[in-house]
Peer 1: 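Structure provided below as structure tokens; questions to follow.
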Amino acid sequence: MTESYSRHLVDPELAPLLELFPQTALSHETLAAARANRMAMPTDPAADVAVACERLRIAGPSGAPEVEVLCYRPKSAEGPLASILHIHGGGYVLGDAESMGAFHKPMALELNCAIVSVDYRLAPETKAPGAVEDCYAALAWLNAHPDIAGVDARRIGVMGESAGGGLAAALALLVRDRGEYALAFEHLIYPMLDDRTCTNEPHPFAGEFVWNAANNRFGWMALIGAPAGSDDISPYAAPARAESLAGLPPTFISTGALDLFVDEDVDYARRLMRAGVPTELHVYPGAFHGFDFASGADVGGRARRDSLAALARFLRQPL
């Protein structure tokens with residue numbers, strides 16, 4: 001096998017992004033340094049001025065600590081807004097809500113919506129279902145206090161990237177099964193859905209860059225506290241484990257053809273469609289995990305435009 005078995009398949013415009021995403025081997029020994037090495041994203045000065053951000057601490061799950069949320073809202077907006085409950089990525093072990101602010105402010109402005117981003121507890125310090133319960137607590141708070149965040153409780157959808165997409169899918173399952181609230185949509189960007197990807201036959205081309213199989217095994221072990229592929233893993237940890245996907249809200253899924261998660265994402269979309277869930281799926285050629293961060297690449301721009309267009313449709317859909 002050559003040193004890079006899929007580099008020739010990478011979209012040439014995406015290649016420079018690989019230099020910005022250094023490959024880190026995650027372990028219990030390297031995790032603290034990986035958490036401290038957070039990338040700084042360029043901000044939009046106009047959006048900084050036009051969008052208010054409020055940091056709040058809300059009641060967490062029963063017996064658990066409070067949950068911090070960041071609430072974004074265009075300053076010029078009037079009345080309750082349709083909203084996105086956002087869950088950040090990071091393999092279940094990295095990341096925070098604040099790191100997505102450079103994206104959330106322009107998004108809130110362009111879509112004229114509210115965005116509430118959840119700082120859930122990370123693994124391995126907190127095992128499943130702690131993170132998804134933190135997200136459920138944020139949804140419960142939004143429904144109980146829509147006036148604080150300025151949202152329309154009838155128009156709340158969930159969105160996430162990578163592990164955040166996995167948590168968004170898990171939250172949608174939890175909301176469906178508990179029957180206390182309703183989600184208007186789920187918007188999943190290269191979601192991390194299935195621990196069994198760690199034990200299945202490897203994809204011949206996907207998963208070489210940014211988030212690889214070794215880090216995937218570490219992330220799942222940290223979250224579930226057991227080897228990936230074990231029996232009796234909850235669908236509220238690994239959504240692909242759900243026996244039925246019927247009754248879930250309209251769903252958008254996008255991923256890259258070279259992303260480690262491409263097979264699990266496509267399979268989840270297929271199962272959603274077979275369950276009667278309105279589903280939009282995009283697979284971008286030459287694209288690896290996190291490719292949509294490439295500001296100058298055509299494929300990254302297309303992915304962002306497709307994502308924003310789907311969110312706009314979701315947010316304005318009739319009640």
Side-chain angles (χ1 to χ4, degrees), residues 6 9-15 17-18 21 84-89 91 100 103-104 106-107 110-111 113 115 157-173 183-194 197 203-211 216 239-240 245 248-317:
S6 58
L9 297 175
V10 172
D11 186 305
E13 291 185 334
L14 292 177
L17 187 62
L18 291 175
F21 280 145
I84 300 167
L85 180 63
H86 183 268
I87 308 173
H88 70 79
M100 295 298 295
F103 300 96
H104 287 161
M107 184 185 296
E110 181 168 348
L111 297 174
C113 71
I115 300 175
V158 65
M159 175 184 182
E161 303 84 20
S162 193
L167 282 169
L171 178 63
L173 289 167
L183 288 170
F185 59 87
E186 57 178 345
H187 195 87
L188 315 178
I189 308 298
Y190 33 78
M192 184 174 174
L193 300 166
D194 196 345
T197 293
H203 192 292
F205 298 109
E208 181 179 1
F209 307 112
V210 182
W211 186 255
N216 202 43
L245 303 185
L248 289 172
T251 303
F252 175 94
I253 298 178
S254 73
T255 191
L258 303 182
D259 195 307
L260 180 66
F261 302 145
V262 63
D263 282 351
E264 63 190 75
D265 292 348
V266 170
D267 186 61
Y268 202 73
R270 178 192 63 81
R271 291 182 59 206
L272 284 163
M273 288 183 273
R274 289 185 65 86
V277 177
T279 303
E280 180 176 347
L281 170 67
H282 295 261
V283 181
Y284 297 94
F288 45 78
H289 198 67
F291 75 98
D292 50 338
F293 285 88
S295 58
D298 176 73
V299 67
R302 282 189 282 120
R304 290 190 300 275
R305 289 192 296 273
D306 290 341
S307 175
L308 283 170
L311 285 169
R313 290 191 297 272
F314 282 145
L315 291 166
R316 67 171 182 259
Q317 63 189 353

Peer 1: Would you call H203 and D263 a side-chain contact if the rule is heavy atoms closer than 4.5 Å?
Peer 2: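 The answer is yes; the side chains approach within 4.5 Å.
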Peer 1: For the CG atom of L260 and the OG atom of S162, what is their distance to the nearest 0.5 Å?
Peer 2: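 Reported to 0.5 Å precision, the distance equals 9.5 Å.
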Peer 1: Could you tell me if the side chain of F261 sits less than 4.5 Å from the side chain of D194, heavy atoms only?
Peer 2: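 D194 vs F261: side chains apart.
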Peer 1: Are the side chains of L308 and E110 in touch, meaning some heavy atoms are under 4.5 Å apart?
Peer 2: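 SC-SC contact between L308 and E110 confirmed.
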Peer 1: Can you list everything that forms a ring pair (Phe, Tyr, Trp, His ring centres under 6.0 Å) with F252? Sequence neighbours excluded, please.
Peer 2: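 Partners of F252 by the ring pair (Phe, Tyr, Trp, His ring centres under 6.0 Å) criterion, ordered by chain and then number, come out as H187, H282.
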Peer 1: State the CG-CG distance between D265 and L281, to the nearest 0.5 angstrom.
Peer 2: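 Those atoms lie 8.0 Å apart.
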Peer 1: What verdict does the side-chain contact (heavy atoms from CB on, under 4.5 Å) test give for S307 and I189, after you've listed the backbone C-alpha separation in whole Å, the side-chain angles of each residue and the deciding distance to 0.1 Å?
Peer 2: CA-CA 8 Å; S307 175; I189 308 298; 4.0 Å; yes
Peer 1: To the nearest 0.5 Å, what is the distance between OG on S6 and CZ on F288?
Peer 2: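 Separation between the atoms: 10.0 Å.
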Peer 1: I'd like to know if R271 and E264 make a salt bridge, using a cut-off of under 4.0 Å between side-chain N and carboxylate O.
Peer 2: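 E264 and R271: not salt-bridged.
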Peer 1: First locate atom CZ of R270, then atom CD1 of I253, and finally report the distance between them rounded to the nearest 0.5 Å.
Peer 2: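 Answer rounded to 0.5 Å: 11.5 Å.
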Peer 1: Checking side-chain contact (heavy atoms from CB on, under 4.5 Å) for the pair L171/L85: CA distance, chi angles, key distance, verdict?
Peer 2: CA-CA 11 Å; L171 178 63; L85 180 63; 3.8 Å; yes
Peer 1: Find the distance between CE (M159) and CD1 (I87) and round it off to the nearest 0.5 Å.
Peer 2: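 Between atom CE of M159 and atom CD1 of I87 there are 11.0 Å.
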Peer 1: Looking just at side-chain N and O atoms, do D11 and Y284 make a donor-acceptor pair shorter than 3.5 Å?
Peer 2: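 No, no side-chain donor-acceptor contact under 3.5 Å.
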Peer 1: Enumerate donor-acceptor pairs with a distance under 3.5 Å from any side-chain N or O in residues 292-302 to protein atoms, sequence neighbours excluded.
Peer 2:
residue: D292; atom: OD1; partner: Y190; partner atom: OH; Å: 2.6
residue: D298; atom: OD2; partner: R302; partner atom: NE; Å: 2.9

Peer 1: Are the side chains of L272 and E186 in contact, using a 4.5 Å heavy-atom criterion?
Peer 2: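 Yes; the side chains approach each other to less than 4.5 Å.
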Peer 1: With side-chain contact (heavy atoms from CB on, under 4.5 Å) as the criterion, how do V210 and L18 come out once you've worked through the C-alpha distance, each side chain's angles and the decisive distance to 0.1 Å?
Peer 2: CA-CA 7 Å; V210 182; L18 291 175; 4.3 Å; yes
Peer 1: Locate the shortest heavy-atom distance separating I84 from C113; write the atom from each residue and the value.
Peer 2: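 Minimum heavy-atom separation between I84 and C113: CD1-SG, 4.0 Å.
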Peer 1: For the residue pair A15 and V10, what are the closest heavy atoms and their distance?
Peer 2: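 So the minimum-distance heavy-atom pair works out to N-CG1, 4.2 Å.
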Peer 1: Return the minimal non-hydrogen interatomic distance between A168 and V158, and the atom names on each side.
Peer 2: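 Between these two residues, the closest heavy atoms are CB-CG2, 3.7 Å.
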Peer 1: Could you tell me which non-hydrogen atom of G166 sits nearest to which non-hydrogen atom of P191, and how far apart they are?
Peer 2: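 So the minimum-distance heavy-atom pair works out to N-CB, 3.9 Å.
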Peer 1: Is there a side-chain contact between T197 and N216 (heavy atoms, below 4.5 Å)?
Peer 2: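 They are in contact (side-chain heavy atoms under 4.5 Å apart), so the answer is yes.
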Peer 1: If you round to the nearest 0.5 Å, how far is CE of M273 from OH of Y268?
Peer 2: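 Reported value, rounded in 0.5 Å steps: 12.5 Å.
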Peer 1: Show your working on side-chain contact (heavy atoms from CB on, under 4.5 Å) between T251 and E280 and close with a plain yes or no.
Peer 2: CA-CA 6 Å; T251 303; E280 180 176 347; over 6 Å; no
Peer 1: With no hydrogens and no angle check, is any side-chain donor or acceptor of Q317 less than 3.5 Å from a backbone partner on A184?
Peer 2: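 Here the side-chain-to-backbone pair exists.
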Peer 1: What do the steps show when you test H289 against F209 for ring pair (Phe, Tyr, Trp, His ring centres under 6.0 Å), and what is the final call?
Peer 2: CA-CA 7 Å; H289 198 67; F209 307 112; over 10 Å; no
Peer 1: Just jot down the ring pair (Phe, Tyr, Trp, His ring centres under 6.0 Å) partners of H104, sequence neighbours excluded, or say none.
Peer 2: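 With sequence neighbours excluded, H104 shows a ring pair (Phe, Tyr, Trp, His ring centres under 6.0 Å) to Y72, H86, given in chain and number order.
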Peer 1: Which heavy-atom pair separates G91 from W211 by the least distance, and what is that distance?
Peer 2: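 The answer is CA-CH2, 3.7 Å.
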Peer 1: On a heavy-atom basis, which atom in A169 and which in L193 lie closest, and how many Å separate them?
Peer 2: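 Looking at all heavy atoms of both residues, the shortest contact is CB-CD2, 3.6 Å.
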